[in-house]
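All remarks here apply to the structure that follows.
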Amino acid sequence: MITMDIQDISRFYQEQVSGRPVVYVIVGNLKCIDMKKLAEYGTIVEVQKKEIYK
C-alpha cells in the first residue's frame, strides 16, 4: 500500500505542474458562450468532434 500526505501532493504540484501552461477544455453550445469574454483569458482554439476522434 502506498501512502502520501499533503506535503507529497504539494511537492508533486511544485515539481510537475507549477509554472507550466494550463489548458482548459470547454464543451458546449457556442450560442450559449460569451466568446469575447472567454477570449480575455487567453487564446481560443475551436475544434470539431471529427478532429478529436481521428
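Keep in mind it's a predicted model, so treat the numbers as computed, not measured.
Both Val47 and Tyr53 sit in one connected hydrophobic cluster of ILVMFWY residues. Membership requires side-chain heavy atoms under 4.5 Å apart, directly or through other members. Placement of Val45 and Ile52 within a single hydrophobic cluster is found when ILVMFWY residues are connected by side-chain heavy-atom separations under 4.5 Å, directly or transitively. Taking hydrophobic clusters as Ile, Leu, Val, Met, Phe, Trp and Tyr residues chained together by side-chain heavy-atom distances below 4.5 Å, Ile44 does not share a cluster with Val23.
Residues Asp8 and Arg11 meet the side-chain proximity criterion, which asks for heavy atoms closer than 4.5 Å.
Listed here is the closest heavy atom pair of Gln48 and Glu51: N-OE2, 2.7 Å.
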Residue pair Met35, Leu38: steps toward the side-chain contact (heavy atoms from CB on, under 4.5 Å) verdict: CA-CA 5 Å; Met35 298 299 279; Leu38 188 60; 4.3 Å; yes
